[in-house]
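For reference, the structure discussed in these notes is given below.
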Amino acid sequence: MSAPNKSYDPVEVEALKPEVVEQARDGAIAAFAAAADLDELKQAKVAHTGDRSPLSLANREIGALPPQAKAAAGKLIGQARGAVNQALAKRQAELEAERDARVLVEEAVDVTLPYGRVPRGARHPLTTLAERIEDTFVAMGYQVASGPEVEAEWLNFDALNLHADHPARSMQDTFFVEAPDGTADSGIVLRTQTSPVQIRAMLAGEPPLYAVSPGRVYRTDELDATHTPVFRQVEAIAVDEGLTFGHLKGTIEVLVEKLIGGGLELRWRPSYFPFTEPSAEIDLQCFVCRGASVGNPDRPCRTCSSEGWIELGGCGVVNPRVLVAAGIDPNRYSGFAFGLGLERILMNRHNVADMRDMVEGDVRFTLPFGMEI
Amino acid sequence: MRVPLSWLREYVDLPAGETGRDVAARLVRAGLEVETVEQLGTDIKGPLVVGEVLSIEELPGFKKPIRHCFVNVGNANGTGEPQEIVCGATNFRVGDKVVVILPGGVLPGPFPISARQTYGRTSAGMICSARELGMGDDHNGIIVLPPEFEAGTDAIELLQLVDEVLDIAVTPDRGYCLSMRGVAREAAAAYGLPLADPALLDVPPANSYGYLVKVADPVGCDRFVARTVTGVNPAAQSPIWLQRRLQKSGIRPISLAVDITNYVMLEVGQPLHAYDRERVDGPIQVRRAADGETLTTLDGVKRKLSAEDLLICDNSGPIGLAGVMGGATTEILEPVYDPETGVVTGSTEIIIEAAHFEPVAIARSAKRHKLPSEASKRFERGVDPEATRAAAQRAVDLLVLIAGGTAEAGVTDIAAPRPVRTITIDAGLPDRVAGAEYGRETVTRRLQEVGCGVVGADVLEVTPPSWRPDLTDPYDLVEEVVRLEGYDNVPARMPITPPGRGLSEAQRFHRRVGVALAGAGYVEINAYPFVGEAAFDGLGLDADDARRRTVKLVNPLNDAEPALRTTLLPGLLGALRRNVGRGNTDLALFETGTVFLPKAEPKVAPRLPVDRRPTEEQLAELDAALPDQPRRVAVALTGERLPSGWWGKGAPSGWADAIEAARTVAAAAGVELTVRQAQYAPWHPGRCAELLVGDEVVGHAGELHPRVIKALHLPERTSAMEIDLDLVFEDGRRVSGPPVSAYPVATQDVALIVDAGVHAADVEAALREGAGELLESLRLFDVFTGEQAGEGKKSLAYTLRFRAADRTLTADEASAARESAVAVAAERTGAVLRGA
Ligand SMILES: [Zn+2]
C-alpha cells in the first residue's frame, strides 16, 4: 500500500481507474452467476471478495490518496463491492434453495407408516365413570367419602333402619363373614350397598354434610349377562337445615343432565327403602327411543327393553330414625340420599350389552375407553 | 301379585276405554311396581265355540290313540251339520261339551286351523286343551265343560280368554297390595273413584257354639276366626269364572274347597285354611312347638319343628305350621270318582280358618323350613286382622253357593285385645318434607283416602287403617300424602351447599396412580376378590405365609373360593391368563383395590343400639372388629413391552418393567422409592426387588418364579409388581422449586469394574456421595460382563454431569469431583476404574 500523498491522483493509480473497477465488478458478478453449486460459489467468493481479490486490493489504495480524492474513490469502490455482495447473496440464496429442495425431497418419508411403538393403556370405564360422577358432585360442593368393603352389620343394616327381621333384609342377598367360632354371627358382612359410608360420614361430624360415595358392593348373585356379585354404586347424601324432597329432585336433575344429557324426562316412582321416607325410584326416559318403542313391536328398543324408561336408582328423604342412629337431631336437620348402579349406567350410556365384559378384564373391551369416558 | 284388569274393574269403575297400560302407568306413579302388562287372548282368533261330542270312532293301527269324532257345533259352522274332527286326546266321552276351533280360526303360535286330511279321515277343526288356548300349562287333556252350555256358544267370551294382567312386584311395606282389595284401593285413589270394598260383608256376630279353638299364644296369634260348612257336595267343581281368575293370577285350580280359599286370599288378602272336619281330632289349638316335634306338611315333607314355630294342633298333635303350610292329615280330600257307581267321594264337612299371626314368627318359620308360601308371604308383610271375619264369611258363602253346603250357625272368633294406634303429625310436615304446598285440607283428604281416621286441625291425630301396619310414624304418613299428590308434582330446586373443598390429597393421589399407569401403557382391570387355597398354592406361598390368613365367608358363591384376597395377584394373574387364552399376547395390566387382612385376634362386631348415637368407644370397638383393608395397586406383564416394527427391534417385558411400574407409582406419590434385592414368593428368587419408602417395605416387584408361572399356566417370564398405596402416600407433601443454574455443564464419563454380585444401586449411591454437591446428575449408560470385564466381574459405565450454581467449573474442578466419586465407590464397593 502507498503512503498518503497530497499530490497523489487516483486516476493515476491503475487499480482505481473506473473502467478497471467496473471490470472487476462485472467479473465477480459473472463468476457468481456461473457457479453451479455452493462449492463453486464459495471458490468464486474467495476469488472475488477475498483479501487478494481485485476490489479488496483497490480498496487498500484509497488510504494513500489525498483527502480530496478519497471520497470519490471510496464511493466508486463501495458501489462496486455493494453490487458484488448483492449478487453473491442472491446467488447464495438461489443455490441454497436448490440444495434444500433437493435434500428435502430426498428426506421425504411415508408418514402413513403405523407406529405403535409406545403402547397405550386405559383406565377401566367404571373407574372413569365414577370419577365423572364424583366431579359433578364436587363441583356442587360435595366431598367424596369412602368406607370399608368388609363392613359391620350395624352400619350396613341396623343403622339404616333395617333391623334383624326386616323383610328388606332378605331382599338383599348378603355375604356373611365367618365369626371366630365358625358361625355367621360375626356382625360383619360384605357391604351390600354404599349406604354405610353415609352413616360413617354422618357420624364423623355435624351437618351440613354433602357427600358422595362411590364404591364396590357385594350381593350373592351369580355372574351372568345382567348380574354380577361384585358391582359398583355411587351414593350421595345431603344433611342440612331445611332440605326437602324438592332439593333431591333438583340435584338429580343436574346430575342426569351432566351425565346423560338434557331434555329427558324423569319419572319419580314411589318405592320403599327402609332408610328413606318418602322413597322413590328414578326412571329416566329412554334416550334411545324416547318411549317410541312402547307397545310398538315393529320398533323394539334394546336399551329400555321397549319399556320406554331406564331405571336409574333409588332415592328419598333420609328417614329420621337413620339420623337419630347417627346422632343427628331430626328436628333440626333433614336430608336426602340416593344411589345409582354404575354398571347399569355404563351399559346404557355406552351400549355395553353384557355385564361380563366389565368383569373379565379383556383388554379389547377396556382399551377403547382410554383415559376418560 | 298378578291383577287381571277384568277383575279389578269389579271393585273400581274404571273408565271403559282405559287399557292395562293406562292403569299400570297410574299405579306406577302411586308407587306400585307394575313389572309387565300381559295381553291375554290377543293371539287367538275364532270361531272358537262350544261343541257337543256326538260320536267317537277309535281309529286302530296307529302308534297312539286316534279318535274320529262328530261334534255338534250348532250353527257356528254355517251349516248346522255335525263337524268332523280327528282328535288325539281320550279324556272325553260321547255327550261331553268341549271347546272346538273351526277352520279359519287361529290358535297361539300362531297356528292357523284349516280342514285337512289326516289318519285317512277329514278333520275340519280341532278340539282344544287348556294349554292350546293359553289358559295355563297344567292340563294335558282337552277341556270338558259343564253340561249346561249350548253347542255353538262363543267360547272366547265363555272362557274369558281376552284380558290384561298387571304383574305387580309388591314392596315389603305394602303387604295389603298382595290382594285385589289393596290394589283396587290404590287404583281408586289414583283415579279419584269410589272403591267397592270386597271385605264389606254382612257377618254374623261371634257366638259360643262355633268350632272349639284354644289359642295358647295370643302374641303369636292375636285373631282366630273359624267357621264350619256342612253337607258340601264333593263332586262340585269350581266354576269357570273362578278357575279363570285363579289361572290369570298364577294359581293352579285344584279342587273346589282349595280353590275357594285361594280365591278369597287373592280377593281380600287374608290367607285361609280349610280342614276336613272329620279328620280333625277335637279342638283346634294354637301354640308354639316343642323341640323334637314333627309335622308332615301338605307337600309330603316331614319337618322337624323348633320351639319358635307356631303350630295349629288338634288332639293328635300338630296339624299345620301356622301361616305357612297346612298338614297332610287334615287336608281336604281330593274328590274321587267311582266309574262303577258314578259316585264322587270326598270331604263334605269343612272348617274354614281365618287367623292373624305375628309377622316375625311367620317369617322365621318360613325361612327356617325354606317354605315361602303364598300365605307366609302375606303374613310376613302384614295382613289386615279385621278382614278375618269377612274373609271367612266370603269362603262360607262361596261353599254354600257353589257346593250346595250349609253354613252352620256357630261363629268362632278369638281376638286378643289390640291397642288403638294413633300417630300425631303436624299438618305442615308433608309440606316441609316435600318442599311443596299441599295445605291442611289436602293432607287430611289424602290420609282419609288411604283409610286413616283423621281428627284435628294444625296437629292431626291419625288412626291408620287395620290393613296398614306399616304406618307407624309421621314420616310414613308424609310419604302417603306426597305419593298420592304425585312425586312428579313436587317442584325441583337446588340446595345451597357450603363451599366445597374438592378432592382430598389421597383421592387425588389415587387418581394420579391410575392415570400414570394407563399413561405408561397399562390397562386397568377389576377382578373379584374371592380366593381359595388353590390361589395361594399356585403362588407357591409357604404354609405359614401371612397371606394365607384370610377373612372367610360363610356363604361363598363358590366353595373353592371361600376367602377374601390378601394380595391382588391371584385376580390380576387370572385376568392375564384369560387374556392370553383369548389371543391377547402382549399385556400390561393393572388393578387397584383393597385387600383384606384379618386382625391378629378376630372379634365379633357388636350390634349397637339404633335409638341414639353410639359412643365413640362403641364405634371404636366396631371398627376394631373389622379386618384391615389397605388399598393396593398391582401390575402384571407378559409379551412385548415395546413392540418390534419397521423402526427396529422391540423389547420384551420383564422384571425391570415391573419395578419401573413401582417407580411410576412412587412418582405419582412424589416419594423416593428404594429398590433392594430380595427373595419373596411368588417372585423369582434372583429377580425380585423389595420396594421401600424410607425404611418401610411397601411392596415387591420382579419376574415371577418359574414354578409359579408353570403352576398358573402363565407365559414364561411373566412379571408382576404389588405395592401398598396407603404406605406410599404421604399427606401434605409439597415440592420445593430447585435452583436452576445457568452456568455451563461439565460432563465426565467413568467406567468401573466391580464384582458381579455388587449392586448397581450401591455403586451409584457411593458415586453420588463422593461426587458431592457439584454433581447435577448421574446416569448409568452401559453394563456388561464377560472377558473384557474379567472373570466374575462386571463393568458399569456412568456419565456424570457437574455444574456449579455460581460459576463456570474448571476442568480441574470437574476432574477432582469425579476422582472423589470414584474413590468413594472404590472404598465402598471395591470398584476399580476400567483400564486402570
Ligand atoms: Zn328405548
Side-chain angles (χ1 to χ4, degrees), chain A residues 113 116-117 119-124 127 138 140-141 143-144 148-150 152 154 158-159 165 167-168 175-180 184 186-188 208 210 220 229-230 238 243-247 249-250 253 268-272 277-278 280 317 320 324-327 360-363 366-367 371, chain B residues 28 31 171-173 360 363 380-381 433-435 475 478-479 482-483 487-488 490-495 497-498 500-503 507 514 518 520-526 528 551-555 557 575 578-579 582 584 594 596 602 604-605 607-608 610 613 622 626-627 629 642-643 646-647:
Chain A
L113 283 174
R117 192 170 188 178
R120 239 177 289 281
R123 308 182 71 206
H124 199 279
T127 309
V138 166
M140 287 193 264
Q143 54 171 307
V144 178
E149 292 173 19
V150 175
W154 186 82
D158 303 53
D165 289 305
F175 286 109
F176 289 91
V177 166
E178 198 176 275
S186 61
I188 301 173
Y210 291 86
T220 57
V230 184
L243 288 185
T244 66
F245 191 81
H247 290 121
K249 287 183 69 176
E253 283 177 6
W268 304 81
R269 275 187 293 126
S271 187
Y272 172 73
E277 189 155 36
V317 173
V324 167
E360 289 175 339
D362 192 313
V363 295
T366 307
L367 271 170
M371 306 291 276
Chain B
V28 162
T171 51
D173 62 326
V360 171
E380 278 177 37
R381 288 165 171 78
V433 170
Y475 279 77
V478 167
E479 181 169 77
V482 182
R483 79 175 173 92
Y487 283 3
D488 288 326
V490 175
R493 55 178 60 114
M494 284 300 287
T497 56
R501 281 155 292 168
L503 296 176
Q507 287 158 355
Y522 288 85
V523 178
E524 185 175 19
I525 66 129
N526 292 312
Y528 288 166
V551 175
K552 287 185 186 60
L553 300 176
V554 177
N555 53 337
L557 279 184
R578 187 177 303 124
N579 270 288
R582 292 178 180 182
N584 310 325
T594 47
F596 307 89
V604 166
R607 294 290 273 278
L608 304 178
V610 293
R613 185 187 200 280
L622 208 65
L626 298 179
Q629 298 171 56
L642 300 174
W646 54 264
W647 55 84

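Residue numbers start from 1 in every chain, and the chains themselves are labelled A, B, ... in the order their sequence lines are given, proteins ahead of strands.
Residues satisfying the salt bridge (charged side-chain N to carboxylate O under 4.0 Å, His left out) criterion with R483(B), sequence neighbours excluded, are E186(B), E480(B).
Highest contact tally toward chain B, considering only L113(A), L367(A), L243(A), is held by L113(A) [criterion: heavy-atom pairs under 4.5 Å]. Between chain A and the residues L622(B), V551(B), V610(B), the largest count of heavy-atom pairs under 4.5 Å involves V610(B). Taking G361(A), G246(A), P208(A) one by one and counting their heavy-atom pairs under 4.5 Å with chain B, the maximum is reached by G246(A). Comparing V324(A), V138(A), V150(A) by heavy-atom pairs within less than 4.5 Å of chain B, the highest count is held by V150(A). Chain B forms the most heavy-atom pairs under 4.5 Å with one residue out of E178(A), E277(A), K249(A), E360(A), and that residue is E277(A). Comparing G500(B), P495(B), P491(B) by how many heavy-atom pairs each has under 4.5 Å with chain A, the most go to P495(B). Taking N526(B), L503(B), I525(B) one by one and counting their heavy-atom pairs under 4.5 Å with chain A, the maximum is reached by N526(B). For the set P498(B), A492(B), A520(B), the count of heavy-atom pairs under 4.5 angstrom toward chain A peaks at A492(B).
A donor-acceptor pair is defined here as one N or O able to donate and one able to accept, closer than 3.5 Å; such a pair exists between the side chain of S186(A) and the backbone of V177(A). Side-chain atoms of W268(A) never come within 3.5 Å of backbone atoms of Y487(B) as a donor-acceptor pair (strictly under, hydrogens ignored). In this structure, the side chain of Q507(B) engages the main chain of V144(A) through a donor-acceptor pair within 3.5 Å. Panel note: side chain D158(A), backbone L608(B); no donor-acceptor pair is recorded below 3.5 Å. Without hydrogens or angle criteria, T171(B) side chain to S271(A) main chain gives no donor-acceptor distance under 3.5 Å. Side chain of E524(B) to main chain of R123(A): no donor-acceptor pair is present (N/O by atom type, distance under 3.5 Å, no hydrogens or angles).
Looking at V433(B), both its backbone and its side chain come within 4.5 Å of chain A, counting heavy atoms on both sides. Heavy atoms closer than 4.5 Å to chain B are found in the backbone of A326(A), but not in its side chain. Looking at N584(B), only its side chain comes within 4.5 Å of chain A, counting heavy atoms on both sides. Heavy-atom distances place both the backbone and the side chain of M140(A) under 4.5 Å from chain B. In this structure, the portion of R120(A) lying under 4.5 Å from any heavy atom of chain B is its backbone and not its side chain. Proximity to chain B involves both the backbone and the side chain of V230(A), based on heavy atoms less than 4.5 angstrom apart. Heavy atoms closer than 4.5 Å to chain B are found in both the backbone and the side chain of P229(A). For a residue to count as touching a neighbouring chain, one of its non-hydrogen atoms must lie under 4.5 Å from one of that chain's; by this rule D173(B) touches chain A with backbone and side chain alike. Interface remark: A159(A) contributes backbone atoms only to the contact with chain B (heavy atom separation under 4.5 Å). In this structure, the portions of P602(B) lying under 4.5 Å from any heavy atom of chain A include both its backbone and its side chain. Residue contact with chain A, scored on non-hydrogen atoms closer than 4.5 Å, involves the backbone of Y522(B) exclusively. Residue contact with chain A, scored on non-hydrogen atoms closer than 4.5 Å, involves the backbone and the side chain of R493(B) alike. For P148(A), the parts lying near chain B are the backbone and the side chain together; criterion is any non-hydrogen pair under 4.5 Å. Looking at Y210(A), the atoms closer than 4.5 Å to chain B (heavy atoms on both sides) all sit in the side chain, from C-beta outward. In this structure, the portion of E253(A) lying under 4.5 Å from any heavy atom of chain B is its side chain and not its backbone.
Pairing each heavy atom of Y272(A) with each of P172(B), the nearest pair is CD2-CD, 3.6 Å. Minimum interatomic distance between A325(A) and W154(A) (heavy atoms only, all atoms of both residues): O-CH2, 3.8 Å. G121(A) and V523(B) make their closest contact through CA-CG2, 4.2 Å (heavy atoms, listed as atom of the first residue, atom of the second, distance). Closest approach of A434(B) and V482(B) over heavy atoms only: CB-CG2, 4.0 Å. L626(B) approaches A152(A) most closely through the heavy-atom pair CD2-N, 3.5 Å. The two residues V604(B) and P180(A) have their closest heavy-atom pair at CG2-CD, 4.0 Å.
The CZ atom of F245(A) sits 9.0 Å away from atom CD of E479(B), with the distance rounded to the nearest 0.5 Å.
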